[in-house]
Amino acid sequence: MIQVVAIVTAKPGQRASILDAFHANVPAVMQEPGVIQYVAVIDCEDGLSFQTNWGSDTFAVIEQWEDIAALRAHAATPHMAAYGAKVKELIATRTVHVLAPLAAI
């Protein structure tokens with residue numbers, strides 16, 4: 001299984017607009033072969049005392065895919081290209097971490 005953690009910081013005041021576009025795209029993503037999870041998350045307001053908050057302009061996308069081939073296919077879909085074009089000017093920064101499980105020791 002492949003996991004993705006994408007950290008997106010919107011330009012000031014634009015997080016809701018990006019999340020609206022994200023949520024509109026979720027049904028298409030969830031129809032893709034190999035997708036297990038695709039969800040946006042924000043800081044937990046009632047979280048733990050030691051948590052580090054990202055703030056009101058940042059959110060993360062947590063994804064799980066059956067394998068890297070499914071993730072590559074996802075990245076090449078027309079609906080992801082359309083989503084990217086729609087939100088490109090609203091994003092200040094974005095980092096994407098593609099993660100694989102450690103082999104059993």
Side-chain angles (χ1 to χ4, degrees):
M1 177 174 23
I2 299 297
Q3 297 189 0
V4 177
V5 177
I7 310 299
V8 180
T9 298
K11 290 181 179 175
Q14 296 300 315
R15 183 174 80 175
S17 296
I18 298 171
L19 286 172
D20 286 346
F22 175 88
H23 288 116
N25 197 39
V26 168
V29 173
M30 293 306 296
Q31 293 299 311
E32 294 177 41
V35 65
I36 299 167
Q37 180 183 31
Y38 191 78
V39 62
V41 295
I42 59 172
D43 291 323
C44 182
E45 290 184 22
D46 296 329
L48 302 172
S49 62
F50 55 83
Q51 81 182 38
T52 301
N53 289 328
W54 286 317
S56 61
D57 290 323
T58 301
F59 66 98
V61 178
I62 309 298
E63 306 175 33
Q64 289 183 326
W65 296 89
E66 288 179 5
D67 53 35
I68 196 70
L71 177 58
R72 285 189 177 119
H74 161 70
T77 59
H79 57 267
M80 287 308 296
Y83 165 75
K86 183 180 284 187
V87 302
K88 181 180 179 180
E89 297 303 318
L90 305 176
I91 295 174
T93 63
R94 178 184 72 144
T95 58
V96 178
H97 305 273
V98 179
L99 310 165
L102 289 172
I105 297 176

* **Minimum heavy-atom distance V35-V29, with the two atoms named** => CG1-O, 3.5 Å
* Asked: Does anything in residues 92-102 pair up under side chain to side chain donor-acceptor pair (under 3.5 Å), and if so which pairs, sequence neighbours excluded?
  -> none
* Can you tell me if R15 uses its side chain to pair, donor with acceptor, with the backbone of T58 under 3.5 Å? -> yes
* Asked: Counting N and O atoms only, with roles assigned by atom type, does the side chain of D43 sit under 3.5 Å from a partner on the main chain of G55, one being a donor and the other an acceptor?
  -> yes
* More than 12 foreign heavy atoms under 6.0 Å from CD of Q31: is that the case here? -> no
* From D46 CG over to Q51 CD, what is the distance, rounded to the nearest 0.5 angstrom? -> 9.0 Å
* Asked: Do you know the tightest heavy-atom contact between D57 and G13?
  -> OD1-N, 3.2 Å
* Mind checking side-chain contact (heavy atoms from CB on, under 4.5 Å) for I36 and listing every partner two or more places apart, or none if nothing turns up? => M1, Q64, E66
* Asked: Is Q14 reaching over with its side chain to a backbone N or O of K11, donor-acceptor style, under 3.5 angstrom?
  -> no
* Heavy-atom check, side chain of N53 versus side chain of E45, under 4.5 Å -> no
* Structure fact -> In short, side chain to side chain donor-acceptor pair (under 3.5 Å) pairs touching residues 78-87 with sequence neighbours left out are E32-H79, T77-H79
* Quick check: does any side chain N or O of D67 sit under 3.5 Å from a backbone N or O of G34, one acting as donor and the other as acceptor? -> no
* Structure fact -> Applying side-chain contact (heavy atoms from CB on, under 4.5 Å) to A6 and not counting sequence neighbours gives V61, V96
* Do I91 and I18 have side chains that get closer than 4.5 Å, going by heavy atoms? -> yes
* Structure fact -> For I7, the other hydrophobic cluster members (4.5 Å side-chain criterion, sorted by chain and number) are V5, V39, V41, W54, I62, L99
* To do: Write out all pairs satisfying ring-ring contact (aromatic ring centres under 6.0 Å, His included) with one or both partners inside residues 55-77, taking only residues at least two apart or from two chains.
  => Y38-H74, W65-H74
